[in-house]
Amino acid sequence: MSKSPVKYIFVTGGVTSSLGKGIISASLGKLLTARGYSVTIQKLDPYINVDPGTMNPYEHGECYVTDDGAETDLDLGHYERFLNHSTSQANNVTTGRIYQTVIQKERKGDYLGKTVQIIPHITDEIKRRIQLLGNTGKYDFVITEIGGTVGDIEALPYIEAVRQLKWEQEDTTLFIHLTLIPYLAAAGELKTKPTQHSVKTLLEAGVQPDVLVCRTEHPIGSEIKRKIARFCNVELDAVIESMDVSTIYEVPLLMQKEGLDKVVLRKLGLEDNAEVKLEQWCDFLEKLQNPEKEITIGLVGKYVELQDAYKSITESIIHAGTENACKVKVNWIHAEEINSNNVSSKFAGLSGILVAPGFGDRGIEGKIIAIQYVRANNIPFFGICLGMQLAVIEFARNILGHTDASSTEMNEQTSTPVINLMDKQKEVTEKGGTMRLGAYDCLLTKDSNAYNSYKNLNIQERHRHRYEFNNNYKNELKKAGMIATGINTENNLVEIVEIPSHPWFVGVQFHPEYKSTVVNPHPLFCGFIKACVKNKK
Ligand code: GLN
């Protein structure tokens, strides 16, 4: 099928941010893969940071990590969860990275005495990055989502670059513009003017959208569709209604119903004769929407006001709940608000507790109290990255009696550094992209909860940390009942700890949440939710 040249689809956004370009891109990608095409999705981010790794989650939400160790935008998580296909550094490009490359080339003298300018040097570098994925020969489609909103100063070089691409290869490029049709309650009317204006802004930049996807809270109806088509020079069936739905996992089916995939194929001159295979997706959705049981678990973190900060974790919980035919409600608990007097009332009615990843010392004492409580009360516990490190600290303090036990991240002077800086981190001076990042092998111990979840001895998981379990304490912890059940044998690093005498107490140094997808819910999340169901309060 993939003999015809790779097709490039660009997704822009108008009127306002947060309309869900990532979900629309992922949904279109899903519909195309369901027809047998090979698809990858890329995000262009208009900020000047080289990657989002140095940004606070309050600024940017979760930082998503790929197998090859790139710190990327959380939309890449949606792409992987929908397409069940790994992304890489090439799937996320920022203005910072573009400029960094161009400036490095300038310093090397690659521009041969020329003045280096936005057009053509920056735009050429943007075009090169877009085509990098297409040129691998692996894909029939590259969907490129352009971050921000049309009209933003920051996004101008990107729009200019894709305008040039369209000019250079008319037959293989397509523009989808995602826009908002607001409803004015007082007038009782849906309004198309903001969409007309945002399309005008695109036209000023030389781009005519081929398809308009219209986010709306109410059905837009054929009259309004016709009006939009007329004012914006798009065909009537290329005006796609995108109503609000209860779960993002419904969007591919909604887009299929609206004919988004058909319009895209037609406009790119492709046959519309393949069978659309969505059975697995529909089964998932059916199970998600008809749970047999319900539980509530607690998620202890420090960014609970901003749920995007834990996006992959909450999606992994949805996948694992569905696999267990269970609706899982998540109670967000602020770590800084937990103390030994209120922990039992805060956790009343919760069937399990997940302690989130994190950096720095804010909220860690609350997390340690949470872990002590669930350990002592046989409540299923899942600790991720910092959550695992704090489980080791809690055990060392309260079972081994090392009251000063800590991580050198929080207390450099601790007499008992059960968690300390990794050797390879000791020479590191720069912050960006320098953690232990990406996928590493891990060997599991038979009969552990981890092994029973994965049903495999050799696994690979993604990491994002600087500190690690201190092997000097491994035997002492083991004798007292906390064992290492997952090891990276190459560097002798402890990746998983468990307490076998507890019903389900698992701490992992890696981030399993980055690998959970609709088709492959993550084994550890499934194991954790299963234990929570068993413990239902
Ligand atoms: N701050 C810890 C470290 O760097 C944990 C990081 C995390 O939770 N991702 O090792």
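For ligands, and for the atoms within them, numbers begin at 1 and follow the listed sequence. The first residue in the sequence is number 1, and the count goes up from there.
For an aromatic pair to be called close, the ring centres must be under 6.0 Å apart, and Trp504 with Phe528 satisfies this. Between Tyr249 and Phe82, the distance separating the two ring centers is shorter than 6.0 angstrom. Taking the six-membered ring for Trp and the full ring otherwise, Tyr454 and His522 have centroids separated by under 6.0 Å.
Considering only non-hydrogen protein atoms, atom 7 (C) of ligand 1 sits nearest to Cys385 SG, 2.9 Å. Regarding atom 4 (O) of ligand 1, its nearest protein heavy-atom neighbour is Arg466 N, 3.0 Å. Counting protein heavy atoms only, atom 5 (C) of ligand 1 is closest to Gly358 O, 3.3 Å. Shortest contact from atom 10 (O) of ligand 1 to any protein heavy atom: Tyr467 N, 2.9 Å.
For ligand 1, the atoms lying closer than 4.0 Å to a non-hydrogen atom of Glu409 are 1 (N), 2 (C), 3 (C). Ligand 1 places these atoms under 4.0 Å from at least one heavy atom of His511: 9 (N). Using a 4.0 Å cut-off to heavy atoms of Arg464, the atoms of ligand 1 that qualify are 6 (C), 7 (C), 9 (N).
Under a 3.5 Å cut-off, the side chain of Tyr79 and the backbone N or O of Asn91 do not form any donor-acceptor pair. Looking at Arg215, its side chain does come within 3.5 Å of a backbone N or O of Leu19 through a donor-acceptor pair.
Put simply, no part of Gln509 is less than 4.0 Å from ligand 1, judged by heavy atoms. The shortest separation from a heavy atom of Met422 to ligand 1 is not under 4.0 Å, leaving the residue out of contact.
Between Phe359 and ligand 1, no N or O atom pair is found at a separation short of 3.5 Å.
The environment of NZ in Lys426 is crowded: more than 12 heavy-atom neighbours from other residues, nucleotides or ligands sit within 6.0 Å.
Of all heavy-atom pairs between His465 and Cys385, the closest is CB-SG, 3.8 Å.
Geometrically, Arg97 does not engage Tyr99 in a cation-pi contact defined by less than 6.0 Å to the ring centre and at most 45° from the axis.
Proximity of Gln389 to ligand 1, defined as any heavy-atom pair under 4.0 Å, is confined to the side chain (atoms from C-beta onward).
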